[in-house]
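Read the structure below first, then the notes.
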Amino acid sequence: MGKPSDTSSGDPSPSSTPTQVLAQIKGDKNIEVTINSAVRDSGGFVTVEGTITNAGTSIFNADSWVGDETALAPSGASVAGAVLVDEAGKKRYYVLRDTAGQCLCTMKLLSIQPQESRPFFAQFPAPPAATTQVDFELPTMPPAKITISQG
């Protein structure tokens with residue numbers, strides 16, 4: 001009665017385009033940060049997206065990534081301390097904040113279990129249009145060169 005060999009109906013098909021990797025950063029405690037996109041939009045922002053993977057054996061909390069901006073609202077375990085560094089333009093771009101002082105980034109990065117991956121994003125003011133390559137820096141992690149694409 002049914003269609004022969006129709007076992008995939010209803011299953012989402014995998015994306016035909018592989019996930020792009022702009023950079024991969026490996027830090028202490030076997031924490032890996034993979035950056036998949038850094039997109040400049042027409043509103044003057046750059047949004048960086050990727051995944052955080054705990055390749056270690058202990059639970060990870062991103063408490064050390066919050067930055068040290070004491071005048072702003074605390075964002076808890078987050079990527080609020082991330083910066084984009086434009087070496088050519090000699091400028092640093094910090095994660096944007098909303099009107100309450102919270103970061104425009106992924107928060108509540110608590111209890112990341114061993115072998116677990118979680119997505120993250122962080123939004124920054126965009127460097128000048130001619131700047132297409134910047135360093136992504138996250139406290140306690142080595143910097144990574146990434147290329148900004150046009151959205």
Worksheet item: Between Cys105 and Val79, which heavy-atom pair has the shortest distance, and what is it?
Response: CB-CG2, 3.7 Å
Practice prompt. Grab the two heavy atoms, one from Pro114 and one from Gly56, that are nearest each other, plus how far apart they are.
Written response: CB-O, 3.2 Å
Separation of [Y] [atom2] from [X] [atom1] (nearest 0.5 Å):
X	Y	atom1	atom2	answer
Ser58	Asn30	OG	CG	9.5 Å
Gln115	Thr53	CD	OG1	9.0 Å
Ile25	Leu138	CD1	CG	6.5 Å
Ile31	Phe60	CD1	CZ	4.5 Å

Item to complete: Quick one: list whatever passes salt bridge (charged side-chain N to carboxylate O under 4.0 Å, His left out) with Lys108, sequence neighbours left out.
Response: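 With neighbours one apart ignored, the set is empty.
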Worksheet entry | Pairs where residues 32-48 contributes a residue and the test salt bridge (charged side-chain N to carboxylate O under 4.0 Å, His left out) is met, not counting sequence neighbours | Lys26-Glu32
Worksheet entry | Residue pairs, two or more places apart or on separate chains, that pass salt bridge (charged side-chain N to carboxylate O under 4.0 Å, His left out) and touch residues 109-124 | Glu116-Arg118
Treat each ILVMFWY residue as a node, draw an edge where side-chain heavy atoms are under 4.5 Å apart, and state whether [X] and [Y] are in one component.
X	Y	value
Ile52	Met107	no
Val46	Ile146	yes
Tyr94	Leu96	no
Tyr93	Leu104	no

Please report, to 0.1 Å, the donor-acceptor pairs under 3.5 Å made by any side chain of residues 120-137, with sequence neighbours excluded.
| residue | atom | partner | partner atom | Å |
| --- | --- | --- | --- | --- |
| Gln123 | NE2 | Thr47 | OG1 | 3.2 |
| Thr131 | OG1 | Asp86 | OD2 | 3.3 |
| Asp135 | OD1 | Lys145 | NZ | 3.1 |

Worksheet item: How far apart are the C-alpha atoms of Val48 and Ile35, what are their side-chain angles, what is the distance that settles it, and do they pass the side-chain contact (heavy atoms from CB on, under 4.5 Å) test?
Response: CA-CA 7 Å; Val48 175; Ile35 300 169; 3.7 Å; yes
Practice prompt. Applying side-chain contact (heavy atoms from CB on, under 4.5 Å), run through Gln20 and Asn36 and close with a yes or a no.
Written response: CA-CA 5 Å; Gln20 179 180 8; Asn36 301 111; 5.5 Å; no
Worksheet item: Is Asp98 atom CG crowded by more than 12 heavy atoms from other residues, nucleotides or ligands, each under 6.0 Å away?
Response: yes
Worksheet entry | Check: Ser111 main-chain N/O paired with Asn61 side-chain donor or acceptor under 3.5 Å | yes
Worksheet item: Is a donor on one side and an acceptor on the other found under 3.5 Å between the side chain of Ser37 and the backbone of Val39?
Response: no
Discussion item. side-chain contact (heavy atoms from CB on, under 4.5 Å), that's the test. Do Leu110 and Asp63 meet it? Break it down for me.
Written reply: CA-CA 8 Å; Leu110 294 167; Asp63 296 325; 4.1 Å; yes
Discussion item. According to side chain to side chain donor-acceptor pair (under 3.5 Å), who are the partners of Thr140, at least two apart in sequence or on a separate chain?
Written reply: Trp65
Worksheet, complete the sentence: For Gln24, the side chain to side chain donor-acceptor pair (under 3.5 Å) test, sequence neighbours excluded, returns Thr34
